[in-house]
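These notes are about the structure you will find just below.
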Amino acid sequence: MYSNSFTSFRYLPVGIKVSPQFCSCACTGNPLKASSFSHPSSSNNRYLSTNAIGSVGGDKLAAETSLFQIFGTNGARSNLFPRDIRVLDAFDDEYGGVIVDPERLPENADAFAYILHSSLSNWKMEGKKGIWLKLPVERAELVPVAVKEGFQYHHAERGYVMLTYWIPEGPCMLPANASHQVGVGGFVINANNEVLVVQEKHCAPTCVGFWKIPTGFILESEEIFTGAVREVKEETGIDTEFVEVIAFRHAHNVAFEKSDLFFICMLKPLSTQIIVDDLEIEAAKWMPLAEFVEQPLVKEDSMFKKVISICIARLGKRYCGLSSHQVVSKFDGRLSSLYYNVVDTQDFNCSNC
């Protein structure tokens with residue numbers, strides 16, 4: 001974590017004089033007076049400059065942007081250089097950008113506006129690229145300040161809004177917000193060749209009366225196979241065991257212009273008694289497979305028909321789906337689920353799948 005790239009003292013040789021200058025803060029329009037004094041270092045015979053405390057919008061700032069004019073021993077004027085530029089507490093990311101610490105933001109909007117402007121100037125001089133600014137919902141008053149400074153909305157969650165700022169010229173190279181939602185469906189069939197089906201309370205008019213497999217969305221940080229088992233349990237009360245991913249569908253502009261990934265999972269039932277979720281489900285039952293595939297919506301829809309034919313092929317061991325395997329990659333050292341099928345070359349009909 002860092003708060004200022006100029007925090008280290010700048011030592012000046014003995015005999016150099018330092019005179020205070022006045023500077024104007026462009027972001028507030030109010031001139032700020034930055035007084036200074038010089039004193040010798042106790043450890044060596046050199047001089048260092050220290051800024052006095054300034055005030056912005058009622059908030060005390062430990063350091064302000066100020067300029068010090070250097071004179072040589074003969075009184076000749078030297079160049080100007082910046083000193084103690086106040087920046088927001090932040091972390092460097094691995095791509096040459098900055099992540100602002102949301103826990104250490106200034107206490108009010110005026111101070112935030114001043115320091116944010118100063119921070120951007122500093123980050124530009126340092127050659128930084130993308131700036132990530134996460135504002136908690138309780139600091140929502142800072143959002144219009146950041147937008148006025150040039151930040152753009154990236155995404156929002158229940159407790160915060162994320163804004164970004166791209167410094168270099170040219171197109172922004174920051175990754176976009178999540179582009180997909182992920183759904184799962186559980187194809188559960190028992191020893192009597194009956195499929196676990198539900199009717200939803202809230203559905204499109206074309207789906208009224210249609211018996212379908214239990215479906216739902218994956219939760220954050222949830223595995224595909226875990227989500228499928230959970231959704232079946234929540235909607236029907238049936239305990240299941242994941243077998244394979246049979247197929248998945250990829251569609252676009254499904255909800256709020258987002259794309260959709262939908263994974264059809266084959267699950268093995270571990271219980272039989274149905275307990276309906278009254279909030280989402282109108283009815284649930286075990287339905288003979290032959291009756292299920294004869295529904296008009298299944299017969300008339302090419303995607304439904306194909307999915308069911310794949311599931312039936314899997315039941316007849318003429319098709320192998322994708323099973324889940326836990327692996328660790330050296331790239332990030334994290335445990336991940338890799339989905340692939342394992343086919344014994346001596347038994348290609350998937351009898352062992």
Side-chain angles (χ1 to χ4, degrees), residues 154-160 162 175-190 195-198 200 212-256 258-277 279-281 284 286 303-304 306-308 310-315 317 319-344 350 352-353:
H154 188 268
H155 69 274
E157 294 289 346
R158 190 180 298 270
Y160 71 88
M162 180 70 77
N177 183 26
S179 59
H180 286 68
Q181 62 182 16
V182 181
V184 289
F187 185 83
V188 186
I189 190 163
N190 62 19
V195 182
L196 181 64
V197 293
V198 299
E200 295 183 335
K212 57 183 283 293
I213 63 175
T215 60
F217 289 108
I218 293 293
L219 302 178
E220 186 174 357
S221 301
E222 185 178 40
E223 296 285 355
I224 293 171
F225 63 87
T226 305
V229 170
R230 175 186 53 78
E231 281 292 342
V232 169
K233 177 67 174 179
E234 289 178 355
E235 293 188 0
T236 69
I238 298 295
D239 295 310
T240 60
E241 179 184 15
F242 172 78
V243 179
E244 292 171 348
V245 171
I246 297 299
F248 69 90
R249 181 209 65 184
H250 193 198
H252 306 287
N253 297 317
V254 175
F256 302 103
K258 297 297 182 182
S259 298
D260 180 270
L261 284 169
F262 182 73
F263 292 84
I264 298 96
C265 302
M266 177 163 283
L267 306 177
K268 177 183 178 182
L270 302 178
S271 62
T272 59
Q273 184 178 359
I274 293 176
I275 303 174
V276 173
D277 175 16
L279 293 177
E280 297 184 75
I281 303 303
W286 292 101
M303 188 183 67
F304 271 128
K306 186 63 178 178
V307 168
I308 298 305
I310 293 174
C311 291
I312 293 175
R314 175 62 184 86
L315 293 174
K317 302 185 187 320
Y319 175 90
C320 272
L322 308 177
S323 54
S324 176
H325 304 266
Q326 303 299 300
V327 295
V328 177
S329 171
K330 287 187 176 181
F331 286 103
D332 56 15
R334 296 181 180 181
L335 183 67
S336 302
S337 294
L338 184 64
Y339 291 82
Y340 59 91
N341 60 18
V342 179
V343 178
D344 189 338
C350 291
N352 294 327
C353 288

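Numbers here are sequence positions counted from 1. We use all heavy atoms of the structure for the numbers below, so side chains are in, but hydrogens, waters and symmetry mates are not.
With sequence neighbours excluded, the residues satisfying salt bridge (charged side-chain N to carboxylate O under 4.0 Å, His left out) with E222 are R230. The ring pair (Phe, Tyr, Trp, His ring centres under 6.0 Å) search around Y339 returns none, not counting sequence neighbours. Scanning for ring pair (Phe, Tyr, Trp, His ring centres under 6.0 Å) contacts around F262 gives an empty result, with sequence neighbours left out. Applying the salt bridge (charged side-chain N to carboxylate O under 4.0 Å, His left out) test to E223 and every residue at least two apart in sequence or in another chain returns nothing.
Annotation for L261 and H180: closest pair CG-CD2, 3.8 Å, computed over non-hydrogen atoms. Contact record, C265 with V245: SG-CG2, 4.2 Å, taken as the closest heavy-atom pair. The minimum heavy-atom distance between T215 and E235, with the atom names listed, is O-OE2, 2.7 Å. Residues P214 and V232 approach most closely at CB-CG2, 4.1 Å, considering heavy atoms. Closest non-hydrogen pair, I310 versus I246, comes out as CG2-CG2, 3.0 Å. Across all non-hydrogen atoms, the minimal contact from S271 to G237 is OG-O, 4.1 Å.
Residues in residues 220-243 take part in these ring-ring contact (aromatic ring centres under 6.0 Å, His included) pairs, two or more places apart or across chains: F225-F242. Under the salt bridge (charged side-chain N to carboxylate O under 4.0 Å, His left out) criterion, no residue pair touches residues 321-335, with sequence neighbours excluded.
Remark: I238 CD1 to N190 CG distance equals 9.0 Å, nearest 0.5 Å. Note that CZ of R249 and CG of D260 are 4.5 Å apart. Values are rounded to the nearest 0.5 Å. The CG atom of L335 lies 5.0 Å from the CD atom of Q326; values are rounded to the nearest 0.5 Å. In this structure, the separation between OG1 on T240 and CZ on F187 is 13.5 Å, given to the nearest 0.5 Å. Residue I275 holds its CD1 atom at 13.0 Å from CD of E234, rounded to the nearest 0.5 Å. Atom-to-atom distance recorded for S337:OG and H325:NE2 is 10.0 Å, nearest 0.5 angstrom.
More than 12 heavy-atom neighbours from other residues, nucleotides or ligands sit within 6.0 angstrom of NZ on K258. At most 12 heavy atoms of other shown residues, nucleotides or ligands fall within 6.0 angstrom of atom CD in Q273. Environment of CZ in F248: sparse, with no more than 12 heavy atoms of neighbouring residues, nucleotides or ligands closer than 6.0 Å.
With hydrogens and angles ignored, the 3.5 Å screen pairs no side-chain donor or acceptor of W286 with any backbone N or O of I274. Of the possible polar contacts, none joining the H250 side chain to the S259 backbone as a donor-acceptor pair under 3.5 Å is found.
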Q | V243 vs R314, side-chain contact (heavy atoms from CB on, under 4.5 Å): CA-CA, chis, key distance, verdict | A | CA-CA 11 Å; V243 179; R314 175 62 184 86; 4.2 Å; yes
Q: Any chance you could lay out the side-chain contact (heavy atoms from CB on, under 4.5 Å) test for T236 and V198, step after step, and finish with the verdict?
A: CA-CA 8 Å; T236 69; V198 299; 3.6 Å; yes
Q) Between V229 and L267, does a side-chain contact (heavy atoms from CB on, under 4.5 Å) hold up when you go through it step by step? A) CA-CA 7 Å; V229 170; L267 306 177; 4.2 Å; yes
(Q) side-chain contact (heavy atoms from CB on, under 4.5 Å), that's the test. Do L322 and E244 meet it? Break it down for me. (A) CA-CA 5 Å; L322 308 177; E244 292 171 348; 5.8 Å; no
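Put simply, the side chain of V184 reaches to within 4.5 Å of the side chain of I218, judged on heavy atoms. Side chains of M266 and L315 form a contact here, defined as non-hydrogen atoms less than 4.5 Å apart.
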